[in-house]
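Numbering of ligands and ligand atoms starts at 1, following listing order.
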Amino acid sequence: HADNDTQAVKLTGEEVAKHSSRDDCWVIIHGRAYDVTEFMPEHPGGPKIILKYAGKDATEEYAPIHPPDTLDKYLDQSKHLGEVDMKTVEQETKEEDPEEQERQERIKRMPILEQCYNLMDFEAVARRVMKKTAWAYYSSGADDEITMRENHSAFHKIWFRPRVLVDVEKIDTSTTMLGTKVDMPFYVTATALGKLGNPEGEVVLTRGARKHNVIQMLPTLASCSFDEIMDAAEGDQVQWLQLYVNKNRDITKRIIEHAEARGCKGLFITVDAPQLGRREKDMRSKFSDVGSNVQSTSGSDVDRSQGAARAISSFIDPSLQWSDLPWFLSVTKMPIILKGVQRVEDVIRAIGAGVHGVVLSNHGGRQLDTARSGIEILAEVMPELRRLGLDNRIEVFIDGGIRRATDIIKALCLGATGVGIGRPFLYAMSAYGLPGVDRAMQLLKDEMEMNMRLIGCSSVDQLGPDFVDARGLSMHATTVPSDTLGLGVYDPLVGPRESKL
Ligand SMILES: Cc1cc2c(cc1C)[n+](S(=O)(=O)[O-])c1c(=O)[nH]c(=O)nc-1n2C[C@H](O)[C@H](O)[C@H](O)COP(=O)(O)O
């Protein structure tokens, strides 16, 4: 349909629909057609999900999983077929999915934002209003999710020793992380696929972090492109990069150099995921839609794990090792932090290797199940570093299960520089967008100020091991109050009861 001879001819939906087989496959994404025939066998998510949309508009399925620049980066220009006249494209008549109808009803009845009084409230709301696949992806932990539950319940094994009759009229919750002064001792940690929960994705977290002057760590597996998230920052807002190391070091080098050039102030190399963990809630929910090609494909040579993120993450280099670190230190001036360290011996090795920090973390319980919580590892690490006179050689962060300001205070008392928080901000963003993230951060600030006052400290530098009794930390037999949904065993939303099994 040439509107006039100067305008490029637009493809019609009918023409695209003719190319709908494995040997001749076109798809429409964001109003443009692409020939993905040759690319299909290399697609990390497998050919099945592409075939599901062969000859059709794949935008809705594609957008949450792939940063916008993916096709420009990975599909040869000759396969970019040009604009499609979307008026001629038959939109899939969405037969009324009863589950979706129920979800829409729950959204209409969801609590107003002001009824959320703590971070767990966002989890409770998100579980009710999020799409099943998004909830499953964000909420899942590895295997029996024991570590995911332990991450938060470990904090219940630490008791405060508050002091009294101290002037706590003015409370200063600010601190410094990797040379950046922040208003609160927490950062927004890297969590993949932000658009599963919110159509705008990670830039919503950027705006929330800016408002509260806290740092955001950008995930390698973001839904938004790296530059979109960096562009969403304002003024001197500080961002860090979380890096999954690619088997192809040239790609990794390009990513690091670009991040440094854009002003990233920290490089967090994820070291606890040489293979992504087995997250069964995620697998279960994805099994129902074709995206989980990696599960349904038989044969041992195929990634046998959960859905989209694992499929996209087939590039991760499982051979990454200590002897690689000098190369990273040679390619960037950014401080380098190892994210996912889980024993004091490796912290000492990290100091010897010349890196600037570690995050004591088990990836939110999404990797090795029955690994210890970040807070328990911290209680092992810091006394040993102090004994060896190494505690000022490195910044030590923890993440995992931080849901209250008292969790943050306990981590700082035990020697952490700061803590990373993941799911709560994802749930707040997914349920209420930016206002949700804003309220979640404000709630933490209010809790922090009150609890500092009650422990008898007016600034974070006064916090130390004498304010806590952590002797119970290594006892793993304790029952814990079931104060968060995450303590439930399996999520009935995607369990056998509700699925068609
Ligand atoms: C919740 C969540 C966490 C992910 C995450 C995605 C989600 C949805 N993803 S993942 O797809 O590979 O598992 C990442 C990631 O991209 N890279 C990473 O270093 N950590 C990843 N993490 C771990 C995260 O950085 C923190 O270690 C963890 O979230 C802290 O625990 P809480 O969620 O309880 O705060």
Where ligand 1 meets [X] - atom numbers and elements under 4.0 angstrom, heavy-atom basis:
X      : value
Gly400 : 30 (C), 31 (O), 34 (O)
Gly364 : 27 (O), 28 (C), 30 (C), 31 (O)
Tyr244 : 10 (S), 12 (O), 14 (C), 15 (C), 16 (O), 17 (N), 18 (C)
Lys339 : 18 (C), 19 (O), 20 (N), 23 (C), 24 (C), 25 (O), 27 (O)
Tyr138 : 1 (C), 8 (C)
Arg279 : 10 (S), 11 (O), 13 (O)
Ser361 : 27 (O)

### Message
What verdict does the side-chain hydrogen bond (donor to acceptor under 3.5 Å, both in side chains) test give for Asn151 and Asn362, after you've listed the backbone C-alpha separation in whole Å, the side-chain angles of each residue and the deciding distance to 0.1 Å?
### Response
CA-CA 9 Å; Asn151 275 347; Asn362 52 50; 2.7 Å; yes
### Query
Will you find, in the side chains of Asp399 and His363, an N or O donor that is under 3.5 Å from an N or O acceptor?
no
### Task
Scan side-chain atoms only and decide if Asp346 and Gln342 contain a donor-acceptor pair under the 3.5 Å cut-off.
no
Sequence neighbours left out, cut at 3.5 Å: what donor-acceptor pairs do the side chains of residues 206-225 make with other protein atoms?
{"residue": "Thr206", "atom": "OG1", "partner": "Glu202", "partner atom": "O", "Å": "3.2"}
{"residue": "Thr206", "atom": "OG1", "partner": "Gln216", "partner atom": "OE1", "Å": "2.8"}
{"residue": "Thr206", "atom": "OG1", "partner": "Gln216", "partner atom": "NE2", "Å": "3.4"}
{"residue": "Arg207", "atom": "NH1", "partner": "Glu200", "partner atom": "OE1", "Å": "3.1"}
{"residue": "Arg207", "atom": "NH2", "partner": "Glu200", "partner atom": "OE1", "Å": "3.4"}
{"residue": "Arg210", "atom": "NE", "partner": "Glu234", "partner atom": "OE1", "Å": "3.4"}
{"residue": "Arg210", "atom": "NH1", "partner": "Ala232", "partner atom": "O", "Å": "2.9"}
{"residue": "Arg210", "atom": "NH2", "partner": "Glu234", "partner atom": "OE2", "Å": "3.4"}
{"residue": "Lys211", "atom": "NZ", "partner": "Asp438", "partner atom": "OD2", "Å": "2.6"}
{"residue": "His212", "atom": "ND1", "partner": "Lys445", "partner atom": "NZ", "Å": "3.4"}
{"residue": "His212", "atom": "NE2", "partner": "Asp438", "partner atom": "O", "Å": "3.3"}
{"residue": "His212", "atom": "NE2", "partner": "Asp438", "partner atom": "OD1", "Å": "2.6"}
{"residue": "Asn213", "atom": "ND2", "partner": "Asp183", "partner atom": "OD1", "Å": "2.8"}
{"residue": "Gln216", "atom": "OE1", "partner": "Gln239", "partner atom": "NE2", "Å": "3.3"}
{"residue": "Gln216", "atom": "NE2", "partner": "Glu202", "partner atom": "O", "Å": "3.3"}
{"residue": "Thr220", "atom": "OG1", "partner": "Gln242", "partner atom": "O", "Å": "2.6"}
{"residue": "Thr220", "atom": "OG1", "partner": "Tyr244", "partner atom": "N", "Å": "3.0"}
{"residue": "Ser223", "atom": "OG", "partner": "Pro64", "partner atom": "O", "Å": "2.5"}
{"residue": "Ser223", "atom": "OG", "partner": "Gly194", "partner atom": "N", "Å": "3.1"}
{"residue": "Ser223", "atom": "OG", "partner": "Lys195", "partner atom": "N", "Å": "2.9"}
{"residue": "Ser225", "atom": "OG", "partner": "Glu228", "partner atom": "N", "Å": "3.0"}

Is the shortest N/O to N/O distance between [X] and ligand 1 below 3.5 Å?
X      : value
Pro424 : no
Ala190 : yes
Gly401 : yes

### Within reach of ligand 1, part of Arg403 (heavy-atom separation under 4.0 Å)
side chain
### Message
Holding to ring-ring contact (aromatic ring centres under 6.0 Å, His included), I want the full list of residues that pass it with Phe155, two or more places apart in sequence or in another chain.
### Response
none
### Task
Please work out whether the ring planes of Tyr432 and Phe122 are parallel, tilted or perpendicular, with thresholds of 30° and 60°.
perpendicular
### Task
Assign the ring pair Tyr187 / Phe397 to parallel, tilted or perpendicular, where the plane angle (0 to 90°) is split at 30° and 60°.
perpendicular
### Query
Less than 4.0 Å between a side-chain N and a carboxylate O, is that true for Arg404 and Glu447?
yes
### Query
Honestly, is Lys410 close enough over Phe160, meaning NZ or CZ under 6.0 Å from the six-membered ring centre and within 45° of the axis?
yes
### Query
Closer than 4.0 angstrom: is that true for some heavy atom of Thr189 and an atom of ligand 1?
yes
#### Entry: Any Asn151 heavy atom less than 4.0 Å to ligand 1
no
## Note on the structure
If you compare Thr270, Ile398, Leu276 by their heavy atoms, the one closest to atom 19 (O) of ligand 1 turns out to be Thr270
### Task
Run down the list Arg366, His363, Met217 and name the one with the heavy atom closest to atom 21 (C) of ligand 1.
His363
### Message
Do Glu380 and Leu473 have side chains that approach each other closer than 4.5 Å (heavy atoms only, starting at C-beta)?
### Response
no
